[in-house]
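Worksheet for the structure shown next.
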Amino acid sequence: MSSYDSFEDSPLPAPRISDLARVHGPDYLEGLNPEQRAAVEATEGPVLVLAGAGTGKTRVLTTRLAHILATGKAKPWELLVVTFTNKAAREMRERITAIIGPQAEGLRWLGTFHSVAAQVLRRHAELVGLKSNFTILDTDDQERLIKQVLEAENVDAKRWTPKTLAGLIDHWKNRGWTPDRLPANEGKEFANGKGQALYRLYQERMRVLNACDFGDLLLHNLTIFMSQPEVLAEFHRRFRYILVDEYQDTNVAQYLWLRLLGQASQNVCCVGDDDQSIYGWRGAEVDNILRFERDFPGATVVRLERNYRSTSHILAAASGLISANKGRLGKTLWTEQNGGEKVIVRGVWDGEAESRLIADEIERAKKGGAEKEPRKYRDMAILVRASFQMRAFEERFVLLSIPYTVVGGPRFFERAEIRDAHAYLRLIQSPDDDLAFERIVNTPKRGIGDTTVQKLLQIARLNGVPVMTAAREVVLTDELAARTRTALSNFLRDLDRWRSQAETLHHARLTEQVLEESGYTDALRLDKTPTAQTRLENLKELVQSMGNFDTLQAYLEHVSLVMDMDRGPQADAVQIMTLHAAKGLEFPLVFLPGWEEGVFPSQRSMDESGEKGLEEERRLGYVGITRAREEARISFVANRMVYGRWTSQLPSRFVDELPLANVEASSETGYYGGGPGMQQQHGSTWDSTPAFGSGYSSPGWQRAQSRGYQGSHPGRQQVIEGEGRLVAESSAASDYKRGDRVFHQKFGYGQVKGVDGNKLTVAFDKAGEKKVIDSFVEKG
DNA sequence: CGTGCTCACCTTTTT
DNA sequence: GGTGAGCACG
């Protein structure tokens, strides 16, 4: 890890063209298409590179850097290169190293927005009232701190949750608003207009704790740059070239930060794709990329439009979808990979059928067949809109023994047990860390309850000292019950012991010991819940990973900014992930399930952000389809269980927006007939739904049955309308069981809640109430 | 102070 | 449906 407090330039010389040639062949520009080459060679003034999906963006970025270095326009340490994720930064560093060799180590300002901003802030922390060793709070710490502020201000934390305020503050920071700069109408609706005051108090609390949150890293940078011209000038001299990846995802604060840093040299190169802006909900402003030419007059704009990833059908389907959006900069992607399979769109009966269908196809693709090469599991991906959709696939895959991995999900460093371990270490390292103290003072349970903690907090606040100091005082008095006092003084004694051991013991070994002696691992071992085992393993993994760092300090610094652990080599498994997580990835075969109104596009997104939200959802669809190299398969269902309730689904409007010529559609629900016209029947009634074929016998279903699968077949659940009565395949109530789906002419669809003799109790979707039904008629 | 029960909630996610 | 948070009770 490079040290942040030294501005010493790298001793490594800049690479020469001859070095590049040696590493990368006779000419590192070779093989670039004309547009890519233009993007690489435009080294004077502002440049906007509009890089469509799969057009070789990363190659252009890295080659451009190499070119700047090779032509002697700048030294590695004079380049500011920012990405959004650690993964992207890591990848870029690796690829540049492959071109220019060890000189890449001199690229000390290559990193995420936050890590670069943190380096700047460590250097100038005192200008915003912090010390250079400030801690970076994560969301959990943040919310607990906010909760304290709310309590101190007597705000009803039930009506106005810490989460809500944390979200608001985050939003404000994303827009570059400090408490002073906050527009008057902001935060009015929170806690009767106390929003701004609470924001200010939160910031003050953090200053006292010598801490800042993620948003502050950039916000404090802005404050420094705007109030200290000589500091800004120092960075102007330093950064001769600025390169930004995924520019469409920048928020206002990041935009301002870039403008401030780039205004002197004007050598700002932003790379992005307005059609792949999918982070509006966390403050990204597509507008930043849309108005680049106005912000940087005379900018060179290069469009990368040749796609090297997908077949023409896939590309055309994605282009057709995205063309429904307004206000695009516009690109026309093309490819030489003509033909291939059309995008397959299918409607199926319910979520179970959908997962069965996809699992079947995965098995078929894995096996290969006539004229089809077998695929590896890892070459197939399921991209969902929301994580609740994942479970159906996981269950199915477990059943059929299909290996899969869920990408994303709760991050390793955000797991409670890891954060607990970190809290112990933080407290050992800095006794003033009140948040860490609170977190673990009674974890594992050691008889120091909430009342005691509140008391300690109060005393600490009153005397303006850290909670730890207050605790030390209190155990000397008889203010606490004898039992509590003993528990607390034992805890303090343990901490002191660990602290003195920390000086000699390796931090990995120390962690192990702390976890043992605190009783943490014992508590987990006694825990009978199934997650306890995983937690113990996570802790083991933690201890192991700590070995990679020289000091505890270095380790803690790493985890606060690089909340990202290198996963080992990927096993051969089907990848399940959200559309968001899929950005930047590609797969030969991509499944896109759940294209239903309300699921995708997400109802909430449309409710909250209207047309803007819908357009972002559409971009998400575009991202999804363009992940596919060879085959893309979209599906939607007629019935879906959402939060334990059955809901009737309509196909997504996006299905209708796909160009007919590139799509092959079929439906088992009668909703989306495919064939000529392919008219979607929004608003039609279920009466027109043809009975689901009773002869359904997919290979996967039969296999599942032979493996003892107990679930009900959707064909059995199919019901048709009758005259004021419940009509079904079977006339006997005993043929139904709890959970079966039924239809009633008068009450609509419902779910069987109970069977009693010849009576069914049914909960109907619409009425929202239960009814007992006792009349049955034979089907047909 | 710890446990068991009811109730509200339920996108997308990085740093 | 499943879970975590908050509250009542022992």
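Throughout, a chain's letter reflects where its sequence line sits, starting with A, and its residues are numbered from 1. Scope of the values below: all heavy atoms of this structure, side chains included, with no hydrogens, waters or symmetry mates.
Under the 4.0 Å criterion applied to side-chain N and carboxylate O atoms, A:Asp141 and A:Arg439 are not assigned as salt-bridge partners. Ion pairing of A:Arg391 with A:Glu395 is present here, as a side-chain N (NZ or NE/NH1/NH2) and a carboxylate O approach within less than 4.0 Å.
Side-chain atoms of A:Arg385 and base atoms of B:dT12 include a donor and an acceptor less than 3.5 Å apart.
Looking at residues two or more places apart in sequence or on another chain, you find no side-chain hydrogen bond (donor to acceptor under 3.5 Å, both in side chains) involving A:Glu153. Partners of A:Glu616 according to the side chain to side chain contact (heavy atoms under 4.5 Å, CB included) rule, which considers only residues two or more places apart in sequence or in another chain, are A:Trp281, A:Arg619. Residues satisfying the side chain to side chain contact (heavy atoms under 4.5 Å, CB included) test with A:Leu145, not counting sequence neighbours, are A:Leu137, A:Gln148, A:Tyr202, A:Arg205, A:Met206, A:Leu209, A:Leu435.
Spacing between atom CZ of A:Arg282 and atom P of B:dT15 amounts to 8 Å, rounded to whole angstrom units. Regarding A:Leu219, its CG atom lies at a distance of 15 Å from the C1' atom of B:dT15, rounded to whole Å. Atom CG in A:Asp140 sits about 18 Å away from atom P in B:dT13, given to the nearest Å. Atom CG in A:Asp350 sits about 16 Å away from atom P in C:dG1, given to the nearest Å. Distance A:His580 NE2 to B:dT13 C1': 8 Å, rounded to the nearest Å. Atom CG in A:Asp216 sits roughly 12 Å away from atom C1' in B:dT15 (whole-Å rounding). We find that CG of A:Leu217 is positioned 12 Å from C1' of B:dT14, with the value rounded to whole Å. What separates CD of A:Gln389 from C1' of B:dC10 is a distance of 14 Å, to the nearest Å.
For the residue pair A:Tyr622 and A:Arg618, no side-chain donor N or O sits within less than 3.5 Å of a side-chain acceptor on the partner.
Separation of atoms CD (A:Gln119) and CZ (A:Arg108) is listed at 7.0 Å; rounding is to 0.5 Å. Note that CD of A:Gln254 and CD of A:Glu246 are 12.0 Å apart. Values are rounded to the nearest 0.5 Å. With values rounded to the nearest 0.5 angstrom, A:Thr626 atom OG1 is found 10.5 Å from A:Lys583 atom NZ.
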Take A:Tyr404 and A:Glu394 through the side chain to side chain donor-acceptor pair (under 3.5 Å) test and state the conclusion after the steps. CA-CA 8 Å; A:Tyr404 70 90; A:Glu394 293 195 58; 2.7 Å; yes

Scan nucleotides 2-5 of chain C against the protein and return all N/O pairs shorter than 3.5 Å with their distances rounded to 0.1 Å.
none

Produce the list of close N/O pairs, under 3.5 Å, pairing protein atoms with atoms of nucleotides 7-10 of chain C; give distances to one decimal.
| residue | atom | partner | partner atom | Å |
| --- | --- | --- | --- | --- |
| C:dC7 | OP1 | A:Lys158 | NZ | 2.9 |

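Nearest nucleotide to the A:Asn442 side chain, out of B:dG2, B:dC10, B:dT15: B:dG2. Picking from B:dT15, B:dC1, B:dT11 the nucleotide with the shortest atom distance to the side chain of A:Phe214 gives B:dT15. Across B:dC1, B:dT12, B:dT15, the shortest atom-to-atom separation from the side chain of A:Thr139 is found for B:dT15. Candidate nucleotides B:dT12, B:dT11, B:dT14 were compared by shortest atom distance to the side chain of A:Ser605, and B:dT11 ranks first.
We find that the ring of A:Tyr279 and the base of B:dT13 do not stack by the test of centres under 5.5 angstrom and planes tilted less than 30°.
Non-hydrogen atoms lying under 4.0 Å from DNA chain B are contributed by nothing in residues 618-625 of chain A.
Among the protein residues, A:Thr112 comes within range of the sugar-phosphate backbone only, with heavy atoms under 4.0 Å from sugar or phosphate atoms but none that close to a base. The residue A:Glu617 sits close to a base: some heavy atom pair falls under 4.0 Å. At a threshold of 4.0 angstrom between heavy atoms, the contacts of A:Glu608 include nucleobase atoms, whether or not backbone atoms are also involved. Note on A:Ile448: only backbone sugar-phosphate atoms sit closer than 4.0 angstrom, heavy atoms only; bases stay farther off. Within the nucleic acid shown, A:Thr452 comes within 4.0 Å of sugar-phosphate atoms alone, with no base atom in reach, counting heavy atoms only.
Between A:Asn86 and the phosphate of B:dT14, there is no side-chain N or O to OP1/OP2 separation shorter than 4.0 Å. Between B:dT11 and A:Thr578, no contact under 4.0 Å exists linking OP1 or OP2 to a side-chain N or O.
Of the residues near DNA chain B, A:Phe113 and A:Ile278, the one whose nearest nucleotide (by heavy atom distance) lies more toward the 5' end is A:Ile278. Comparing A:Arg446 and A:Arg604, the nucleotide of DNA chain B nearest to each residue sits closer to the 5' end for A:Arg446.
Classification of B:dT11 as syn follows from a glycosidic angle within 90° of 0.
By the 30° and 60° cut-offs, the orientation of the rings of A:His114 relative to A:Phe214 is perpendicular. Between A:Phe600 and A:Phe654, the angle of the ring planes goes over 60°, which puts this pair in the perpendicular group of the 30/60° scheme.
Proximity of a side-chain donor or acceptor of A:Arg627 to a complementary backbone N or O of A:Val623 within less than 3.5 Å is detected.
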